[in-house]
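Only a predicted model underlies this, so the values are computations on that prediction, with no experimental measurement involved. Chain A is the first sequence line, chain B the second, and so forth, proteins listed ahead of strands; every chain is numbered from 1.
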Number of protein chains: 2
Amino acid sequence: MPAKNTGTEALLKETAKRIFLIEGRLHATTDDIAKEAGVPRTSVHYYFRSRDLLFKQVFNEAMMDLTVRLNQVVESDLPFREKIENFIDICLTQAFAFPYMETFMVTEMINHEFKLVDKESPVKIKGLLKEIKTEMAHGTIPQTNPMHFVINLFSLITYPSLAAPLYKQIFAINSASYLKLLKERKQVILKVLFT
Amino acid sequence: MPAKNTGTEALLKETAKRIFLIEGRLHATTDDIAKEAGVPRTSVHYYFRSRDLLFKQVFNEAMMDLTVRLNQVVESDLPFREKIENFIDICLTQAFAFPYMETFMVTEMINHEFKLVDKESPVKIKGLLKEIKTEMAHGTIPQTNPMHFVINLFSLITYPSLAAPLYKQIFAINSASYLKLLKERKQVILKVLFT
DNA sequence: ATTTATTTTGACATTTTTGTCAAATTGATT
DNA sequence: AATCAATTTGACAAAAATGTCAAAATAAAT
């Protein structure tokens with residue numbers, strides 16, 4: 001019994017990810033995906049059964065990505081500041097490579113009632129929150145609900161990428177200039193978050 | 001020649017705005033909109049000619065909203081700190097009321113190549129940037145490219161609302177708890193932005 | 001070379017979504 | 001009440017998107 005495994009399934013999934021997560025074309029159809037992958041549309045059904053199942057798989061893998069990254073930070077035992085720096089690096093790289101990942105995820109959650117993987121909370125966030133609390137007591141970061149620190153962190157990292165088309169017009173600057181701004185984000189975020 | 005002006009046109013537009021900007025259902029069809037407005041779908045064509053023109057009108061009015069708000073701040077002559085406080089108030093209220101406005105706008109810009117209204121830059125942002133520079137010299141806010149201050153501001157205001165479905169799952173909290181967090185954002189943002 | 005299971009592909013069917021048109025309705029005006 | 005234009009509505013047409021199926025092609029294994 002031969003197992004051929006041509007790369008078609010992976011190719012289709014990668015093309016879908018490019019279209020949704022990188023280019024942000026949330027209204028793309030199975031036809032768009034198949035055409036740009038250079039395979040007939042029926043292959044989508046052969047490998048994924050239906051449009052929704054392809055979407056759900058892209059969603060789940062994006063979610064896995066996010067979860068793994070988060071947990072890497074939560075579970076590492078670096079000093080707090082380095083831990084956050086590390087986290088910013090990882091997430092900025094991700095946001096840069098897949099600017100519309102969160103947009104896609106939120107949209108799919110709304111439209112198809114997709115749930116995050118696993119029953120349990122995807123991230124063991126409690127330890128991190130406790131650590132943040134300690135840092136606040138030490139005066140390293142401003143005192144508020146620790147969840148705000150996490151929300152601030154994500155906002156400052158993610159939003160500039162997903163809203164790029166807007167800012168480019170508001171500031172009347174081209175892609176290259178905006179890209180330059182994005183590359184400066186790490187230092188900016190650190191300066192903002194730590195007192 | 002009688003001009004009746006029943007409220008149907010406005011009703012359709014409001015329904016579309018609710019679905020897109022408030023509920024974030026970016027894949028909604030003209031049928032969804034008409035059904036929820038309680039009118040036959042042909043009314044959409046009677047008043048807006050086509051689906052795209054309805055979408056474009058919602059987009060343009062959302063853009064106008066954003067522009068007007070921004071310019072109010074840019075053109076007011078309050079002291080800097082009050083100006084920013086004022087701006088945060090206005091934008092948080094808006095983000096709270098229409099959490100998916102930016103998401104819709106970015107998506108439409110990507111999918112239909114919508115442009116922002118007017119040829120010129122929608123916001124007279126140069127004055128604001130200069131003012132931010134002055135504040136940085138005074139040491140009121142950390143020193144970086146002034147555009148980062150604006151980007152930080154928008155990120156901290158907008159992202160928490162549009163990513164609500166994600167955070168509710170990550171933190172494993174319900175809508176009420178998350179709402180409480182959102183209401184605390186103004187103070188948090190001010191604390192973060194000003195040294 | 002034949003067999004076998006996997007993969008690819010095109011033809012077709014179904015469903016969904018959008019758009020068109022003309023008839024019916026409405027309510028103000030003459 | 002008759003007129004008239006704006007509005008509403010349903011029937012129909014067209015287009016777009018998804019899904020099904022069986023036949024053809026492929027490549028490994030006997």
Side-chain angles (χ1 to χ4, degrees), chain A residues 1-21 23-60 100 103-104 107-114, chain B residues 1-21 23-60 100 103-104 107-114:
Chain A
M1 349 147 171
K4 283 203 225 168
N5 191 16
T6 62
T8 308
E9 180 171 5
L11 174 64
L12 275 170
K13 211 185 325 186
E14 275 160 32
T15 306
K17 281 183 181 176
R18 172 172 60 74
I19 289 176
F20 293 136
L21 311 181
E23 299 177 6
R25 292 157 51 200
L26 304 187
H27 298 318
T29 66
T30 54
D31 200 44
D32 295 326
I33 297 168
K35 266 208 188 85
E36 297 187 26
V39 302
R41 197 176 48 79
T42 38
S43 291
V44 173
H45 291 94
Y46 177 69
Y47 284 107
F48 302 96
R49 308 193 64 81
S50 76
R51 171 186 177 280
D52 274 2
L53 285 176
L54 169 58
F55 280 37
K56 192 168 279 183
Q57 204 157 325
V58 171
F59 175 86
N60 282 337
Y100 299 105
T103 305
F104 173 76
T107 304
E108 291 305 306
M109 288 174 81
I110 291 173
N111 285 283
H112 303 292
E113 297 177 342
F114 284 177
Chain B
M1 353 145 168
K4 281 203 225 168
N5 191 15
T6 60
T8 306
E9 180 171 5
L11 174 65
L12 276 170
K13 208 180 335 183
E14 277 160 30
T15 306
K17 282 184 180 175
R18 172 171 61 73
I19 289 176
F20 293 135
L21 312 181
E23 299 177 6
R25 294 158 49 200
L26 305 187
H27 298 318
T29 66
T30 54
D31 200 46
D32 295 326
I33 297 167
K35 267 207 187 83
E36 297 186 28
V39 302
R41 196 177 49 79
T42 38
S43 290
V44 173
H45 291 94
Y46 178 70
Y47 283 108
F48 302 95
R49 308 192 64 81
S50 77
R51 171 189 177 277
D52 274 3
L53 285 175
L54 169 57
F55 280 36
K56 192 166 277 185
Q57 203 157 326
V58 170
F59 174 86
N60 281 337
Y100 299 105
T103 306
F104 173 76
T107 303
E108 291 304 307
M109 287 173 80
I110 291 173
N111 285 282
H112 302 293
E113 297 177 341
F114 284 178

Exercise. With sugar-phosphate meaning primed atoms plus P, OP1 and OP2, does Thr30(B) contact a base, only sugar-phosphate, or nothing at under 4.0 Å between heavy atoms?
Worked result: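 Thr30(B): backbone/sugar contact only, no base atoms under 4.0 Å.
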Exercise. How is Thr42(B) classified with respect to the nucleic acid when contacts are heavy atoms under 4.0 Å: base, sugar-phosphate, or nothing?
Worked result: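 Base, at least one base atom sits under 4.0 Å.
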Could you check how far [atom1] of [X] sits from [atom2] of [N], rounded to whole Å?
{"X": "Asp32(B)", "N": "dT18(C)", "atom1": "CG", "atom2": "C1'", "answer": "13 Å"}
{"X": "Asn111(B)", "N": "dA16(D)", "atom1": "CG", "atom2": "P", "answer": "16 Å"}
{"X": "His45(A)", "N": "dG10(C)", "atom1": "NE2", "atom2": "C1'", "answer": "14 Å"}
{"X": "Asp31(A)", "N": "dG10(C)", "atom1": "CG", "atom2": "P", "answer": "13 Å"}
{"X": "Leu12(B)", "N": "dT7(D)", "atom1": "CG", "atom2": "C1'", "answer": "12 Å"}
{"X": "Lys35(A)", "N": "dG10(C)", "atom1": "NZ", "atom2": "P", "answer": "13 Å"}
{"X": "Tyr47(A)", "N": "dT20(D)", "atom1": "OH", "atom2": "P", "answer": "18 Å"}
{"X": "Asp52(B)", "N": "dA15(D)", "atom1": "CG", "atom2": "P", "answer": "16 Å"}

Would you say the side chain of [X] and the base of [N] hold a donor-acceptor pair, judged only by whether the two atoms sit under 3.5 Å apart?
{"X": "Arg51(B)", "N": "dT17(C)", "answer": "no"}
{"X": "Arg49(A)", "N": "dG19(D)", "answer": "no"}
{"X": "Arg41(B)", "N": "dT17(C)", "answer": "no"}

Exercise. Can the positive tip of Arg18(A) be found less than 6.0 Å from the middle of the six-membered ring of Phe20(A), inside 45° of the ring normal?
Worked result: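 No, cation not above the ring by the 6.0 Å, 45° rule.
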Problem set entry | Geometric cation-pi criterion Arg51(A) and Phe48(A), 6.0 Å radius, 45° cone |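 Cation-pi check for Arg51(A) and Phe48(A): fails.
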Exercise. Does Lys56(A) NZ have over 12 foreign heavy atoms under 6.0 Å away?
Worked result: no
Problem set entry | side-chain N/O Ser43(B) vs dT7(D) OP1/OP2, d < 4.0 Å |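 For Ser43(B), the contact criterion (side-chain N or O under 4.0 Å from OP1 or OP2 of dT7(D)) is not met.
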Exercise. Do the side-chain N or O atoms of Tyr46(A) get closer than 4.0 angstrom to the phosphate oxygens (OP1, OP2) of dT20(D)?
Worked result: no
Exercise. Do Asp32(A) side-chain atoms and Thr29(A) backbone N/O form a donor-acceptor pair below 3.5 Å?
Worked result: yes
Seminar exercise, completed: Testing dT8(D), dT8(C), dT18(D) for proximity to the side chain of Thr29(A), the answer is dT18(D)
Exercise. Nearest of dT20(D), dG19(C), dT8(D) to any side-chain atom of Thr6(B)?
Worked result: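 Of dT20(D), dG19(C), dT8(D), dT8(D) is nearest to the side chain of Thr6(B).
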Problem set entry | Parallel, tilted or perpendicular: rings of Phe104(A) and Phe59(A) (30°, 60°) |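 Tilted: the ring planes of Phe59(A) and Phe104(A) meet at 30° to 60°.
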